[in-house]
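All values derive from a computational prediction rather than experimental measurement.
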Amino acid sequence: KFQGVTSGETKNFDLNLIPRAGYFIIDNLAAGLDIYISRSSIKNQLSESHYTISQLCAVPFVRYYYPLQGSFPFVELNGGFGTLREKNVEDEESSGDYEKKYSVTTFSGGIGIAKSIGSRATFDIMAGYSRLKVKGESDQGNTYGSFIVKIGFIVFLLQQQDQN
């Protein structure tokens with residue numbers, strides 16, 4: 001209800017996945033790729049309108065660790081590009097249907113700490129800044145900046161072998 005008027009029930013669904021793969025190119029320096037997959041959907045039950053935003057981005061990263069007795073402070077930078085698609089489907093009585101495509105560029109960086117969990121995993125927490133630019137067919141675009149906090153787990157699939 002807004003200002004005494006009921007606009008109908010809406011159902012929202014948001015899904016964000018960020019799989020990451022990387023490789024230690026030298027001691028304490030990892031490089032790799034994040035794939036950002038995002039989908040948001042809003043459906044109005046009263047008018048049967050349906051609005052979706054889908055985003056897919058490839059974002060290379062580099063992270064440098066400083067070993068410190070079971071903890072690993074780090075600094076990370078990443079930047080990449082991708083696409084964003086916005087689609088709106090109105091009910092049968094409306095002509096508000098549209099679909100728009102945008103290019104996306106992103107850059108972020110931060111500092112954090114990784115705490116060892118056994119010999120093959122870490123718990124990570126990072127604070128930093130992220131910038132996202134969304135540009136349509138014209139040269140006009142919107143830039144969004146925000147301070148971020150990332151929390152997650154890193155699992156090491158390959159283990160360094162001892163060299164004798």
Would you indicate whether [X], at its atom [atom1], is surrounded by more than 12 heavy atoms from other residues, nucleotides or ligands within a distance under 6.0 Å?
{"X": "Lys150", "atom1": "NZ", "value": "yes"}
{"X": "Ile111", "atom1": "CD1", "value": "no"}
{"X": "Gln140", "atom1": "CD", "value": "no"}
{"X": "Phe123", "atom1": "CZ", "value": "yes"}

Side chains of [X] and [Y], heavy atoms from C-beta outward: is any pair under 4.5 Å?
{"X": "Val59", "Y": "Phe61", "result": "no"}
{"X": "Val104", "Y": "Tyr36", "result": "no"}
{"X": "Ser146", "Y": "Ile148", "result": "yes"}

Rounded to the nearest 0.5 Å, what separation is found between the [atom1] atom of [X] and the [atom2] atom of [Y]?
{"X": "Glu76", "Y": "Ser108", "atom1": "CD", "atom2": "OG", "value": "6.5 Å"}
{"X": "Cys57", "Y": "Ile35", "atom1": "SG", "atom2": "CD1", "value": "9.0 Å"}
{"X": "Asn88", "Y": "Tyr51", "atom1": "CG", "atom2": "OH", "value": "7.5 Å"}
{"X": "Thr52", "Y": "Glu86", "atom1": "OG1", "atom2": "CD", "value": "8.5 Å"}
{"X": "Asp14", "Y": "Arg39", "atom1": "CG", "atom2": "CZ", "value": "10.5 Å"}
{"X": "Thr122", "Y": "Phe156", "atom1": "OG1", "atom2": "CZ", "value": "4.5 Å"}

Indicate the atoms forming the closest heavy-atom contact of [X] with [Y], along with that distance.
{"X": "Asp27", "Y": "Tyr64", "value": "O-CE1, 4.5 Å"}
{"X": "Ile125", "Y": "Phe74", "value": "O-CZ, 4.0 Å"}
{"X": "Ser71", "Y": "Lys115", "value": "OG-CD, 3.4 Å"}
{"X": "Gly109", "Y": "Leu77", "value": "CA-CD2, 4.0 Å"}
{"X": "Pro67", "Y": "Phe72", "value": "CA-CD2, 3.6 Å"}

Using the rule that Ile, Leu, Val, Met, Phe, Trp and Tyr join whenever any side-chain heavy atoms are under 4.5 Å apart, tell me whether [X] and [Y] fall into a single cluster.
{"X": "Ile26", "Y": "Val62", "value": "yes"}
{"X": "Tyr23", "Y": "Tyr65", "value": "no"}
{"X": "Leu56", "Y": "Phe13", "value": "yes"}
{"X": "Ile113", "Y": "Val75", "value": "no"}
{"X": "Leu132", "Y": "Leu15", "value": "no"}

- prompt: Hey, mind stepping through Asp124 and Arg63 against salt bridge (Lys or Arg N to Asp or Glu O under 4.0 Å) and telling me if it holds?
  reply: CA-CA 12 Å; Asp124 291 12; Arg63 180 185 275 196; 2.5 Å; yes
- request: Would you mind listing the cluster partners of Leu68? Hydrophobic ones only (ILVMFWY), side-chain contacts under 4.5 Å, chaining allowed.
  value: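 Via sub-4.5 Å side-chain contacts, Leu68 links to Tyr66.
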- prompt: Among Asn16, Leu84, Ile37, which one satisfies side-chain contact (heavy atoms from CB on, under 4.5 Å) with Gln55?
  reply: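 Looking at Asn16, Leu84, Ile37, the match for Gln55 under the side-chain contact (heavy atoms from CB on, under 4.5 Å) is Leu84.
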query: Between Asn78, Asp34, Leu33, which is the residue that forms a side-chain contact (heavy atoms from CB on, under 4.5 Å) with Pro60?
result: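 That would be Leu33; it is the only one of Asn78, Asp34, Leu33 passing the side-chain contact (heavy atoms from CB on, under 4.5 Å) with Pro60.
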- prompt: Looking only at atom types and distance, does a side-chain atom of Arg120 sit under 3.5 Å from a main-chain N or O of Leu157, one as donor and one as acceptor?
  reply: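 Looks like yes, one N/O pair under 3.5 Å.
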field: Arg131 side chain to Gly145 backbone, donor-acceptor under 3.5 Å
entry: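 Such a contact is absent between Arg131 side chain and Gly145 backbone.
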task: Given side-chain contact (heavy atoms from CB on, under 4.5 Å), test Tyr144 with Val134 step by step and report yes or no.
output: CA-CA 8 Å; Tyr144 307 93; Val134 179; 4.1 Å; yes
task: Over 60° means perpendicular and under 30° means parallel, so classify the ring planes of Tyr129 and Phe147, tilted if in between.
output: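 Rings of Phe147 and Tyr129: perpendicular, as their planes differ by over 60°.
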query: Under the 6.0 Å and 45° cation-pi test, does Lys100 pair with Tyr102?
result: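 The answer is no, since Lys100 fails at least one limit relative to Tyr102.
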